[in-house]
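Have a look at the structure below, then the notes.
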2 protein chains.
Amino acid sequence: MGASSRMTVATHTLTWMALVCPKRTDGIVTSDQIADSVNTNPVVIRRTLGSLRDAGLVESRRGQGAGWLLTRAPESITLRDVYLAVEHEPLLALHPATPNQKCPIGIGIPPVLREAYDRAEESMKRELAAVTIADVLRETVAP
Amino acid sequence: MGASSRMTVATHTLTWMALVCPKRTDGIVTSDQIADSVNTNPVVIRRTLGSLRDAGLVESRRGQGAGWLLTRAPESITLRDVYLAVEHEPLLALHPATPNQKCPIGIGIPPVLREAYDRAEESMKRELAAVTIADVLRETVAP
DNA sequence: ATTTGATGTAACAGAAATGGTTACGACAAT
DNA sequence: ATTGTCGTAACCATTTCTGTTACATCAAAT
């Protein structure tokens with residue numbers, strides 16, 4: 001399968017906020033403004049921001065002058081945090097249908113694969129943990 | 001996104017072949033027999049075996065007495081080999097639509113993310129490379 | 001109190017991916 | 001010539017993904 005782009009939209013969103021929020025007196029930006037940079041619909045951004053808020057990475061304000069702000073320093077947000085915020089399914093899926101329970105392979109292989117897959121996924125997350133939003137911002141605006 | 005199960009079907013297939021092929025005088029098994037263990041349609045298995053053949057992991061015979069056989073020792077086939085055989089898209093996708101080219105983030109972020117994603121994917125593959133089909137078979141049939 | 005502008009969320013649509021199924025020609029050993 | 005399996009196209013139902021419209025909710029500002 002090709003993978004979803006939620007991770008990319010979320011990281012783009014946080015990186016843009018890291019760049020722009022400090023320039024605002026209140027540190028607040030709107031989903032419309034972010035959507036303009038990502039080139040998508042504001043609702044898509046609000047959905048993403050909802051996940052990021054659930055993970056404690058951003059906060060939302062309502063009413064007049066509403067919008068979003070970062071709750072953490074960009075140096076302290078890793079791509080692993082972002083991944084965990086927006087992806088909840090395991091990277092590699094087991095069988096679509098329960099395999100044949102009369103076959104020793106069918107019986108025994110699911111937990112073995114699950115363990116190997118989990119180790120691989122952890123390894124990927126470890127690598128994502130080495131990169132912060134501040135890193136992404138710096139490299140993105142570098143000349 | 002939840003991920004595809006091609007990897008699981010392919011690994012199950014190879015593990016089953018590693019168990020059964022040695023018991024046959026000609027070392028040949030059919031897609032029907034494998035499908036019975038995986039609990040799916042033989043065509044699904046033939047499609048998977050096609051990818052595995054393109055990667056050089058199995059061979060097919062046609063005509064009377066046709067079927068499939070392993071071309072490598074199970075000890076020499078890693079889960080990384082299997083992954084490379086059946087998955088061709090990057091693990092993490094970039095933007096669905098080209099981001100705003102008038103925004104410095106929109107312009108600069110794709111290559112930065114691509115590099116971070118590729119590093120993460122390589123790390124995952126490295127972990128998959130540590131497990132062989134022989135390992136999976138052993139652990140699967142262990143008491 | 002009213003106005004204002006943004007959030008929060010449901011509902012829906014089109015496109016693509018996925019897994020399964022049927023069908024049938026190609027093939028080579030018997 | 002028969003046989004059994006591969007190889008592959010075609011199609012289907014289901015799900016996922018991204019985008020979109022619509023609208024109620026909310027709180028600051030006036």
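Below, all heavy atoms of this structure are taken into account, side chains as well, without hydrogens, waters or symmetry copies.
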Between B:Ser37 and B:Trp16 the two heavy atoms that sit nearest each other are OG-CD1, 3.4 Å
Is [X] near enough to [N] that one of its side-chain N or O atoms lies under 4.0 angstrom from OP1 or OP2?
X: A:Thr30; N: C:dG5; result: no
X: A:Thr40; N: D:dT18; result: no
X: A:Ser31; N: C:dT7; result: yes

[X] [atom1] - [N] [atom2] separation (whole Å):
X: B:Leu69; N: D:dT5; atom1: CG; atom2: C1'; result: 13 Å
X: A:Glu59; N: C:dG8; atom1: CD; atom2: P; result: 11 Å
X: A:Asp26; N: C:dT7; atom1: CG; atom2: P; result: 13 Å
X: A:His95; N: C:dG20; atom1: NE2; atom2: C1'; result: 16 Å
X: A:Asp36; N: C:dA6; atom1: CG; atom2: P; result: 13 Å
X: A:Gln64; N: D:dA28; atom1: CD; atom2: C1'; result: 6 Å
X: B:Arg46; N: C:dC27; atom1: CZ; atom2: P; result: 16 Å
X: A:Asp32; N: D:dT21; atom1: CG; atom2: P; result: 13 Å

Of the candidate nucleotides D:dG7, D:dG19, C:dT7, which contains the atom at the shortest distance from the side chain of B:Pro96?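 Comparing D:dG7, D:dG19, C:dT7 against the side chain of B:Pro96, the answer is D:dG19.
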Out of D:dT5, D:dC17, D:dT21, which has the shortest distance to the side chain of A:Asn41? D:dT21
5′-ward residue of the pair A:Val43/B:Gly50 relative to DNA chain D: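 Nearer the 5' end of the strand: B:Gly50.
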Can you check side-chain contact (heavy atoms from CB on, under 4.5 Å) on B:Glu127 and B:Leu79, steps first, answer last? CA-CA 9 Å; B:Glu127 202 67 27; B:Leu79 294 195; over 6 Å; no
Please tell me whether A:Asp81 and A:Thr78 have a donor and an acceptor in their side chains that are separated by less than 3.5 angstrom. yes
Contact nearer the 5' end of DNA chain C, comparing B:Arg62 with B:Arg47: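 Looking at the nearest nucleotide for each, B:Arg47 comes out on the 5' side.
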So which one's nearest nucleotide on DNA chain C is more toward 5', A:Ser60 or A:Gly65? A:Gly65
Does A:Glu59 form a salt bridge (Lys or Arg N to Asp or Glu O under 4.0 Å) with A:Arg72? I'd like the steps, not just the answer. CA-CA 10 Å; A:Glu59 229 177 77; A:Arg72 289 218 234 147; over 6 Å; no
Sugar-phosphate, base or nothing in reach of A:Arg61, heavy atoms under 4.0 Å: sugar-phosphate
Could you go through the side-chain hydrogen bond (donor to acceptor under 3.5 Å, both in side chains) check for B:Thr8 and A:Tyr117 one step at a time? CA-CA 10 Å; B:Thr8 292; A:Tyr117 292 171; 2.9 Å; yes
